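As the structure is a prediction and not an experimental result, all values here were calculated from the model. What you see below is based on every heavy atom in this structure, not just the backbone, and it leaves out hydrogens, waters and symmetry mates.
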Amino acid sequence: VPNQEYSTIHLFSNILDVPKFSINKLIKKITESMVSPDLEHYFICVSPNIDDLRNNRIESFYNYFSNNHETKLFSDRESNIGSWARYEKIFSVKIINN
């Protein structure tokens, strides 16, 4: 049973943009663990900025939560860190009770 007393931080680096990785399975697991409407889940999603197809996978992940739960977007960046191209989405999610 997930801890119902503390917020959760989800870190995703270089995985959400991978075409063979199932975002739908991940979303299902995460939403099953979101049991308390009072707690926030924080998502830090960062990948290399390779192309729009891969970036759209991160956007789809974010859009699921944005369309189904109370979501706050903190950062939405396409920028470089030195010579490395970065695509980033940082947001929080609270459950919406239906």
Side-chain angles (χ1 to χ4, degrees):
V1 174
N3 186 323
Q4 297 180 15
E5 297 180 34
Y6 301 102
S7 295
T8 302
I9 298 173
H10 304 268
L11 301 172
F12 300 104
S13 177
N14 302 349
I15 190 64
L16 295 177
D17 65 323
V18 175
K20 291 188 179 188
F21 181 77
S22 175
I23 289 177
N24 291 334
K25 285 182 185 178
L26 177 63
I27 288 171
K28 185 176 188 279
K29 288 218 177 258
I30 291 170
T31 55
E32 287 171 354
S33 75
M34 297 173 74
V35 294
S36 174
D38 299 327
L39 299 178
E40 284 190 280
H41 288 252
Y42 294 92
F43 293 82
I44 301 171
C45 309
V46 182
S47 289
N49 189 357
I50 296 172
D51 60 38
D52 288 343
L53 260 174
R54 292 181 128 199
N55 295 346
N56 283 338
R57 290 177 53 79
I58 295 171
E59 291 300 317
S60 294
F61 182 78
Y62 168 76
N63 287 338
Y64 168 81
F65 290 103
S66 177
N67 292 333
N68 292 287
H69 301 285
E70 181 181 323
T71 304
K72 292 181 199 171
L73 180 62
F74 298 110
S75 179
D76 182 13
R77 293 195 278 190
E78 291 182 53
S79 59
N80 293 338
I81 302 173
S83 63
W84 299 93
R86 163 185 54 186
Y87 194 84
E88 170 188 287
K89 202 72 129 174
I90 300 174
F91 58 98
S92 67
V93 174
K94 275 189 163 182
I95 296 173
I96 294 176
N97 288 332
N98 294 327

Novice: For the OH atom of Y62 and the CZ atom of F91, what is their distance to the nearest 0.5 Å?
Specialist: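 CZ of F91 is found 7.5 Å from OH of Y62.
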
Novice: How long is the span from the CD atom in E59 to the CG atom in N56, to the nearest 0.5 Å?
Specialist: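 Going from CD on E59 over to CG on N56, the span is 7.0 Å.
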
Novice: Are I30 and Y42 linked, directly or through other ILVMFWY residues, by side chains that come within less than 4.5 angstrom of each other?
Specialist: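 No, no single cluster joins them.
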
Novice: Test N49 against every option in E88, R54, R77, E78 by the side chain to side chain contact (heavy atoms under 4.5 Å, CB included) rule and name the one that passes.
Specialist: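 When side chain to side chain contact (heavy atoms under 4.5 Å, CB included) is applied between N49 and each of E88, R54, R77, E78, only E78 qualifies.
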
Novice: Minimum heavy-atom separation for S47 to I15, with atom names?
Specialist: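 Closest heavy-atom pair between S47 and I15: OG-N, 4.1 Å.
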
Novice: Can you name the ring pair (Phe, Tyr, Trp, His ring centres under 6.0 Å) partners of H69, sequence neighbours left out?
Specialist: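 By the ring pair (Phe, Tyr, Trp, His ring centres under 6.0 Å) rule, H69 matches no residue at all.
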
Novice: Name all residues meeting the ring pair (Phe, Tyr, Trp, His ring centres under 6.0 Å) criterion together with F12; count only those two or more places apart in sequence or in a different chain, and write none if there are none.
Specialist: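 F61.
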
Novice: So if you build clusters from Ile, Leu, Val, Met, Phe, Trp, Tyr with side-chain heavy-atom gaps below 4.5 Å, do I9 and L26 land together?
Specialist: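 Unlinked, I9 and L26 end up in two clusters.
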
Novice: Do L73 and Y64 share a hydrophobic cluster, counting only Ile, Leu, Val, Met, Phe, Trp and Tyr and linking them when any side-chain heavy atoms are less than 4.5 Å apart?
Specialist: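 L73 and Y64: one cluster.
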
Novice: If only atom types and distance count, is the side chain of T71 paired as donor or acceptor with the main-chain N or O of F65 below 3.5 Å?
Specialist: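 Here the side-chain-to-backbone pair exists.
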
Novice: Side chains of I95 and H41: closer than 4.5 Å at any heavy-atom pair?
Specialist: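 No - every pair of side-chain heavy atoms lies 4.5 Å or more apart.
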
Novice: On a heavy-atom basis, which atom in Y87 and which in I58 lie closest, and how many Å separate them?
Specialist: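 Smallest heavy-atom distance, with atoms named: CD2-CD1, 3.8 Å.
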
Novice: Could you tell me which non-hydrogen atom of L39 sits nearest to which non-hydrogen atom of K94, and how far apart they are?
Specialist: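 Nearest pair, atom of L39 first, then K94: O-CG, 3.9 Å.
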
Novice: Of all the heavy-atom pairs spanning D17 and P48, show the shortest one and how long it is.
Specialist: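 Looks like OD2-CD, 4.0 Å.
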
Novice: Could you please spell out the steps behind the side-chain contact (heavy atoms from CB on, under 4.5 Å) verdict for F21 and L16?
Specialist: CA-CA 7 Å; F21 181 77; L16 295 177; 4.2 Å; yes

Novice: Which heavy-atom pair separates R57 from I23 by the least distance, and what is that distance?
Specialist: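 So the two residues come closest at O-CD1, 3.4 Å.
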
